[in-house]
**Student:** 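Just passing along the structure, written as structure tokens.
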Amino acid sequence: MHWAHPEANDAIEERGTEHVVACGISPSGPIHYGNFREVATADLLNRAIQRSEAESDLIWISDDFDPLRKVYPFLPEDFEEHVGKPLSEVPDPDGCHDFYSRHFEEPFLETLPVLGVEPEVKRASEMYASGGYSDAVATALYRTDEIAAIIEEVTGRQLPKGWRPFNPICEECGRFADPAGDEYHCGHGHTGNLSEARGKLPWRVDWPARWKILGVTVEPFGKDHAASGGSYDTGRRIARQVFGYEPPHPVVYEQIGLKGEGEMSSSAGVAVTPRQLLRVMEPELMRFVIASTRPKKHIELDLGHGLPRLYDEVDRAEEAWRNDDPGVEATAFALSTVNDVDEMDLPFSHAVNAVQVDPDDPLKVLRRTHHSDHGPRVEGRLRRARNWVEDYAPESFLFSVQEETPDVELTGEQKRVLEAVAEAVERGGGGDEVQNAIYETGNSLDMALGDAFAAVYRALLGQDDGPRAGPFVAALDRDFVIKRFRDVAGTSDG
RNA sequence: GGGCUCGUAGCUCAGUCCGGCAGAGCAACUGGCUCUUAACCAGUAGGUCGAGGGUUCAAAUCCCUCCGAGCCCGCCA
């Protein structure tokens with residue numbers, strides 16, 4: 001059983017057949033694949049609920065009314081002056097959007113439909129500005145003592161004197177200030193009246209308030225919120241006791257790490273955005289990696305050696321899905337589909353070879369090797385293979401067919417291997433025949449087979465190893481191969 | 001101090017929610033084969049399921065205690 005279905009069924013048992021699945025992100029920096037796990041998890045739950053014949057909507061909330069916490073490494077130093085202001089009121093560091101949060105939100109939101117996620121988008125700044133939180137703020141302030149008691153009891157910490165469940169924005173400098181009774185004191189010396197100030201609920205109160213305002217019934221969140229005494233612990237009690245709302249069914253998920261670099265974190269500089277990943281991963285694969293892993297399990301994304309394997313895995317799952325296999329892998333793929341996908345027979349590793357054999361026209365290579373050779377999906381996979389070769393492929397996957405005959409020294413035996421291969425190709429032989437010719441010639445000459453294969457790679461690539469020899473030679477232009485081998489072997493007519 | 005995850009074959013991990021003969025891939029070994037960007041086929045071997053206790057006709061699986069590793073919370077969100 002795939003994990004999304006028991007979760008969906010639990011939610012339906014707890015809350016009935018009408019659901020709102022919520023997720024959200026604080027756009028304080030580039031929104032990366034680790035953040036996408038939250039949205040993807042929410043989308044998977046949303047789909048699973050719908051597959052169980054219940055109604056469900058998906059909401060994505062931008063926490064763009066949170067303060068800018070510090071000058072992150074990717075910001076200019078003079079952003080110090082904006083620390084403490086709401087993200088929706090800080091300028092765009094690159095100057096291309098109206099303000100800070102939009103700059104990071106937009107590229108992320110643009111990729112969501114490509115990844116098959118189309119949530120209703122809400123923004124905290126707009127919800128506060130339009131009065132959506134008015135009742136909640138009034139309730140929270142009226143019941144300050146109860147909220148304070150819950151937070152102090154659950155977290156075991158002591159709230160300061162004059163604490164209020166409201167973070168006011170200083171009317172003079174535009175930064176969040178500390179409440180002190182019915183007033184607030186800004187760090188820059190201004191004192192104002194709390195009841196007249198703009199502002200927001202602190203996170204631990206904001207979250208439960210939002211559940212009620214939006215009718216949230218299911219919500220995935222990171223394990224940082226899930227720790228004992230964390231914000232879900234306080235939130236569930238505040239929701240029930242203060243707002244009279246049953247908290248959503250929680251689904252806790254783990255972080256995503258980049259192999260060799262640690263957990264993704266935009267402030268630590270370890271972050272790959274969905275847009276960057278789309279250069280090398282198909283949308284279905286980006287979903288599948290998340291869908292096929294239980295949320296509480298850590299994901300370690302390996303874009304190097306691991307990527308061809310991931311493609312093989314998702315291709316297998318896709319095939320199982322096409323065969324109506326009821327297993328988890330097929331279900332994970334079913335939940336990962338984005339658009340109708342053409343059936344295709346082109347392993348990623350072969351695409352990687354094809355774009356290197358003939359960078360100008362890899363389709364020609366695919367025709368020679370009898371793989372799928374047309375359609376948007378093939379083109380997409382070739383494009384991603386090319387990007388992978390440029391950005392992530394380990395050395396051992398790289399080669400380049402030398403346009404000019406390389407100046408290589410070969411033994412007499414090796415030259416006879418090349419001549420034998422040339423003859424096999426001349427006779428119209430394919431991969432098997434080429435592989436055979438190398439093997440048999442090498443054996444009949446009583447030479448080390450490694451040297452026989454090395455001759456082929458040296459003549460074509462100028463290096464001692466390369467892709468599996470038979471199919472590789474067969475993927476090349478026939479006349480080119482014959483000429484090259486005879487040139488190198490010194491058996492050409494000219 | 002608290003929470004979560006992990007601990008199962010040499011390695012990487014399924015299986016644990018919902019108890020029912022201990023599993024897969026890779027590695028090893030045997031045989032075959034066309035040594036190839038982690039080649040292919042057939043077969044063999046490989047285990048105190050981290051430790052201990054409990055529940056049960058039956059425990060890798062449920063409960064309790066403990067050990068080890070990692071992450072998170074105990075500022076803000």
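A note on names: the letters A, B, ... follow the listed sequences, proteins ahead of strands, and every chain is numbered from 1. Fair warning: this is a prediction, and the values are worked out from it, not measured in the lab.
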**Student:** Counting only heavy atoms not in A:Glu426 (residues, nucleotides, ligands), do more than 12 fall under 6.0 Å from its CD?
**Tutor:**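 It does: A:Glu426 CD has more than 12 such atoms within range.
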**Student:** What contact category does A:Pro202 fall into here, base, sugar-phosphate, or nothing, at under 4.0 angstrom with non-hydrogen atoms?
**Tutor:**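 The residue A:Pro202 makes sugar-phosphate contact but no base contact.
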**Student:** Are A:Trp211 and A:Phe243 an aromatic pair, judged by ring center distance below 6.0 Å?
**Tutor:**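 Not under 6.0 Å, so no.
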**Student:** How are the rings of A:Tyr457 and A:Phe472 set relative to one another: parallel (under 30°), tilted (30 to 60°) or perpendicular (over 60°)?
**Tutor:**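 It falls in the parallel class, under 30°.
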**Student:** For A:Phe472, which contact category applies under a 4.0 Å heavy-atom criterion: base, sugar-phosphate, or nothing?
**Tutor:**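 Since no nucleic acid heavy atom lies under 4.0 Å of A:Phe472, the category is nothing.
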**Student:** Could you check which of B:rU34, B:rG2, B:rA77 has an atom nearest any side-chain atom of A:Asn436?
**Tutor:**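 Selected nucleotide (nearest to the side chain): B:rU34.
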**Student:** Only one of A:Arg37, A:Lys223, A:Lys296 passes salt bridge (charged side-chain N to carboxylate O under 4.0 Å, His left out) with A:Glu254; say which it is.
**Tutor:**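 By the salt bridge (charged side-chain N to carboxylate O under 4.0 Å, His left out) criterion, A:Glu254 pairs with just one of A:Arg37, A:Lys223, A:Lys296: A:Lys223.
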**Student:** Which whole number of Å gives the distance between the C1' atom of B:rA69 and that of B:rG25?
**Tutor:**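 Approximately 24 Å lies between the C1' atom of B:rA69 and that of B:rG25.
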**Student:** If we take the P atom in both B:rA60 and B:rU48, what is their distance in whole Å?
**Tutor:**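 Roughly 14 Å separates the two P atoms.
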**Student:** Looking at A:Arg157, I'd like to know whether one of its side-chain N or O atoms comes within less than 4.0 Å of OP1 or OP2 on B:rC76.
**Tutor:**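 So the side chain of A:Arg157 is within the cut-off, an N or O lying under 4.0 Å from OP1 or OP2 of B:rC76.
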**Student:** Just wondering, are more than 12 heavy atoms of other shown residues or ligands nearer than 6.0 Å to CZ in A:Arg416?
**Tutor:**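 Open: at most 12 neighbouring heavy atoms sit under 6.0 Å from CZ of A:Arg416.
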**Student:** For A:Pro6 and A:Tyr439, take the nucleotide of RNA chain B holding the closest heavy atom to each; which residue's nucleotide lies nearer the 5' end?
**Tutor:**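 Of the two residues, A:Pro6 wins.
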**Student:** Of all the nucleotides listed (B:rC71, B:rA38, B:rA77), which has the minimum atom distance to the side chain of A:Asn167?
**Tutor:**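 My answer, after comparing the listed nucleotides, is B:rA77.
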**Student:** In whole angstrom, give the distance that lies between atom CG of A:Asp312 and atom C1' of B:rG25.
**Tutor:**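 In whole Å, B:rG25 C1' lies 13 Å from A:Asp312 CG.
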**Student:** Figure out the CZ/P separation between A:Phe221 and B:rA77, and round it to whole Å.
**Tutor:**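 Rounded to the whole Å, the gap is 16 Å.
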**Student:** Which whole-number value in Å describes the distance from A:Ile299 CD1 to B:rU5 P?
**Tutor:**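 After rounding, the reported distance stands at 16 Å.
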**Student:** Between C1' on B:rC76 and CD1 on A:Ile151, what's the gap in Å once rounded to a whole number?
**Tutor:**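 In whole Å, B:rC76 C1' lies 13 Å from A:Ile151 CD1.
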**Student:** For residues A:Tyr232 and A:Phe221, establish whether the separation of their ring centroids is below 6.0 Å.
**Tutor:**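 Distance test on ring centres: under 6.0 Å, yes.
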**Student:** Please work out which of the three classes, parallel, tilted or perpendicular, describes the rings of A:Phe65 and A:Phe176, given edges at 30° and 60°.
**Tutor:**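 Geometry flag for A:Phe65 against A:Phe176: perpendicular rings.
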**Student:** Please confirm whether any donor atom in the side chain of A:Lys223 sits under 3.5 Å from an acceptor in the base of B:rC71, or the reverse.
**Tutor:**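 Present.
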**Student:** In terms of the angle between their ring planes, are A:Phe104 and A:Phe74 parallel, tilted or perpendicular, with boundaries placed at 30° and 60°?
**Tutor:**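 A:Phe104 and A:Phe74: perpendicular rings.
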**Student:** Side chain of A:Gln435, heavy atoms from C-beta onward: which of B:rC73, B:rU34, B:rA77 has the nearest atom to it?
**Tutor:**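 From the listed options, B:rU34 comes nearest.
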**Student:** Within the pair A:Arg294 and B:rC6, is there a side-chain N or O less than 4.0 Å away from OP1 or OP2?
**Tutor:**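 For B:rC6, OP1/OP2 do have a side-chain N/O of A:Arg294 under 4.0 Å.
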**Student:** Can you give me the N/O atom pairs linking the protein to nucleotides 60-66 of chain B at distances under 3.5 Å, or say none if there are none?
**Tutor:**
none

**Student:** Round to a whole Å and report the spacing from CG of A:Asp66 to C1' of B:rC75.
**Tutor:**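 Answer to the nearest Å: 15 Å.
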**Student:** Counting only side-chain heavy atoms from C-beta out, which of B:rG70, B:rU34, B:rA77 sits nearest to A:Ser26?
**Tutor:**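 Selected nucleotide (nearest to the side chain): B:rA77.
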**Student:** From B:rC4, B:rA38, B:rG3, pick the nucleotide closest to the side chain of A:Lys296?
**Tutor:**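 Among B:rC4, B:rA38, B:rG3, the one nearest the side chain of A:Lys296 is B:rC4.
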**Student:** May I have the distance from A:Glu263 (atom CD) to B:rC4 (atom P), rounded to whole angstrom?
**Tutor:**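 Whole-Å distance recorded here is 19 Å.
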**Student:** Apply salt bridge (Lys or Arg N to Asp or Glu O under 4.0 Å) to residues A:Arg381 and A:Asp315 and explain how you reach the verdict.
**Tutor:** CA-CA 12 Å; A:Arg381 190 160 282 196; A:Asp315 285 349; 2.8 Å; yes
**Student:** How are the rings of A:Tyr33 and A:Phe36 set relative to one another: parallel (under 30°), tilted (30 to 60°) or perpendicular (over 60°)?
**Tutor:**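 Ring orientation of A:Tyr33 relative to A:Phe36: parallel.
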**Student:** Using the P atom on both, measure B:rG50 against B:rC29 and round to a whole Å.
**Tutor:**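 B:rG50 and B:rC29 have their P atoms separated by 28 Å.
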**Student:** Starting at the 5' end of RNA chain B, what dot-bracket string do you get if Watson-Crick and G-U pairs under 3.5 Å are bracketed, crossing pairs use [ ], other-strand pairs use | and unpaired bases use dots?
**Tutor:** ((((((((.[[[[.)....(..]]]].(((((.......))))).....[[[[[..)....]]]]])))))))....
**Student:** If the C1' atom of B:rA27 is compared with that of B:rU44, how far apart are they to the nearest Å?
**Tutor:**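 Between the two C1' atoms, the distance is 14 Å.
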**Student:** Are A:Glu126 and A:Arg102 close enough for a salt bridge, meaning some N to O gap below 4.0 Å?
**Tutor:**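 A:Arg102 and A:Glu126: salt-bridged.
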**Student:** Find the distance A:Gln255:CD to B:rC72:P and express it as a whole number of Å.
**Tutor:**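 In whole Å, B:rC72 P and A:Gln255 CD are 7 Å from each other.
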**Student:** What integer number of Å spans the P atoms of B:rC18 and B:rC41?
**Tutor:**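 39 Å, rounded to whole Å.
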**Student:** Do the numbers put A:Arg386 on top of the ring of A:Tyr392, so that NZ or CZ is under 6.0 Å from the six-membered ring centre and no more than 45° off the axis?
**Tutor:**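 That pair does not qualify as a cation-pi contact.
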**Student:** Could you work out the separation of B:rU61 and B:rC21 based on their P atoms and round it to a whole Å?
**Tutor:**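 B:rU61 and B:rC21 have their P atoms separated by 13 Å.
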**Student:** I'd like the P distance from B:rG68 over to B:rA22, given in whole Å.
**Tutor:**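 Taking atom P in both B:rA22 and B:rG68, they lie 30 Å apart.
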**Student:** Taking the P atom in each of B:rG19 and B:rA58, what is the distance between them to the nearest angstrom?
**Tutor:**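 Going atom to atom, P in each nucleotide, I get 15 Å.
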**Student:** Measuring from A:Asp302:CG to A:Leu310:CG, what's the distance to the nearest 0.5 Å?
**Tutor:**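 The distance works out to 7.5 Å.
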**Student:** Return the nearest nucleotide to the side chain of A:His305; candidates are B:rA77, B:rA38, B:rU34.
**Tutor:**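 Nearest to the side chain of A:His305 among the choices is B:rA38.
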**Student:** Heavy-atom contacts under 4.0 Å between residues 83-93 of chain A and RNA chain B, which residues?
**Tutor:**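 Heavy-atom cutoff 4.0 Å gives no residues at all.
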**Student:** Give A:Gly450 one of three labels, base, sugar-phosphate or nothing, depending on what nucleic acid heavy atoms sit under 4.0 Å from its own.
**Tutor:**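 A:Gly450: base contact, heavy atoms under 4.0 Å.
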**Student:** Separation of A:His298 atom NE2 from B:rC6 atom P, in whole Å?
**Tutor:**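 Distance, rounded to whole Å: 13 Å.
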**Student:** Please assess A:Tyr100 against A:His103 for the test ring pair (Phe, Tyr, Trp, His ring centres under 6.0 Å), listing each intermediate value before the final yes or no.
**Tutor:** CA-CA 5 Å; A:Tyr100 190 99; A:His103 177 72; 7.7 Å; no
